[in-house]
2 protein chains.
Amino acid sequence: MVAKRRTRAPVFAALGDETRLSLVAKLCGGQRYSISQLTQGSKLTRQAITKHLRVLESVGIVRSVRKGRESRFEFVPQPIEGIKEYLDSVSEQWDQALSRLKSFVEE
Amino acid sequence: MVAKRRTRAPVFAALGDETRLSLVAKLCGGQRYSISQLTQGSKLTRQAITKHLRVLESVGIVRSVRKGRESRFEFVPQPIEGIKEYLDSVSEQWDQALSRLKSFVEE
DNA sequence: ATCTTAAGCAACCTCCAGGTTGCATATTAG
DNA sequence: CTAATATGCAACCTGGAGGTTGCTTAAGAT
């Protein structure tokens, strides 16, 4: 296991796009889909979808497995768990700040 | 209260940048900071920092209040709570998929 | 009244994200 | 074997993100 980088920004950035968010929405249901399948219903080109999938893959949100002539993509939960933890720490800091303020006012 | 948009992508996008993430990290501690203060220690220009702050402000993660000649920025938790909920729903879908798979294998 | 500090505004630059088209290659179907 | 399907690769285009510099205006400090 290599040092897991302390930078969540790329993961947030990967989620910062409607198209990719809907890919995630589809894939987190557990099913695996080929690129062509994921392109169905989208108004974008297969190549555009491919690029988006590569972005998601580059931050580990998604993984591809070649199966015959198609490459099937599947969801990987870890990166999203990672940023959830990060957001929790942000909320926690904020809550602590609030409670410090509260006790300051009360005394 | 106007229809809260169903699109979290812009919030994720706003967090998808190291500089903005560190601004959030600083501000979620509860203190308010002026633009100049937030620029201190950064290698970027005040104007660059200003632009980043406007991005955060545009999605509601941050709010600015003019105080004399300086405008002080403060953290606003709601948008981040929003995407936390979104991520929870993603995890939930994933977990349900896993448990369906599990019961399918077991029978 | 003047100097200094905080911010806003605007023009400008560079680079890359997001899309497209066109063509090549690998598999599966008939 | 041949046709059709699923991808990969590469070149190309365009707009906007992220930065900078320069100048102006507002508000404190002396």
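In what follows, chains are A, B, ... by sequence order, proteins preceding strands, each numbered from 1.
Residue A:Leu56 contributes atom CG, which lies 10 Å from atom P of C:dG18 at whole-angstrom precision. Atom CD1 of A:Ile49 and atom C1' of C:dT21 are 16 Å apart (whole Å). Look at CD on B:Gln47: it is 9 Å from C1' on C:dG8, rounded to the nearest Å. For the pair B:Phe73 CZ and C:dA6 C1', the interatomic distance rounds to 12 Å; values are reported in whole Å. Computed from coordinates, the B:Glu70 CD to C:dG8 C1' distance equals 15 Å when rounded to whole Å. Counting to the nearest Å, the C1' atom of C:dA17 and the CG atom of A:Leu15 are 16 Å from each other. As a whole-Å value, the separation of B:Arg69 CZ from C:dC3 C1' is 11 Å. What separates CG of A:Leu44 from C1' of C:dG19 is a distance of 8 Å, to the nearest Å.
Side-chain contact between B:Pro79 and B:Val59: absent, with no pair of heavy atoms (C-beta onward) separated by less than 4.5 Å.
Scanning all heavy atoms of the two residues, the minimum distance from B:Ser64 to B:Arg54 falls at OG-NH1, 3.9 Å.
Mapping A:Ala48 and A:Lys67 onto DNA chain C via the closest heavy atom, the residue that lands nearer the 5' end is A:Ala48. Nearer to the 5' terminus of DNA chain C, by closest-nucleotide assignment, is the contact made by B:Lys51 (compared with the other of A:Thr19 and B:Lys51). Two residues, B:Gly68 and A:Ser34, neighbour DNA chain D, and the one matched to the more 5' nucleotide by heavy-atom proximity is A:Ser34.
Using a 4.0 Å cut-off, no side-chain N or O of B:Arg46 falls inside it from OP1 or OP2 of C:dT5.
Rounding to the nearest 0.5 Å gives a distance of 9.5 Å between CD of A:Glu81 and CG of A:Asp88.
Between the side chains of B:Ser36 and B:Glu70, not a single donor N or O lies within less than 3.5 Å of an accepting N or O.
For B:Arg72, the CZ atom is densely surrounded, since the number of other residues' heavy atoms within 6.0 Å is greater than 12.
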Stepwise side-chain contact (heavy atoms from CB on, under 4.5 Å) test for B:Phe12 and A:Asp17: CA-CA 8 Å; B:Phe12 283 118; A:Asp17 178 283; over 6 Å; no

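First and last contacting nucleotides of DNA chain D toward chain A (any atom under 4.0 angstrom from a heavy atom, 5' to 3' order): D:dA4 to D:dC9.
Using a 4.0 Å heavy-atom cutoff across all strands shown, B:Arg72 reaches no nucleic acid atom at all.
Cluster annotation: A:Leu21 and A:Val55 are assigned to distinct hydrophobic clusters (Ile/Leu/Val/Met/Phe/Trp/Tyr, side-chain heavy-atom contacts under 4.5 Å, transitive).
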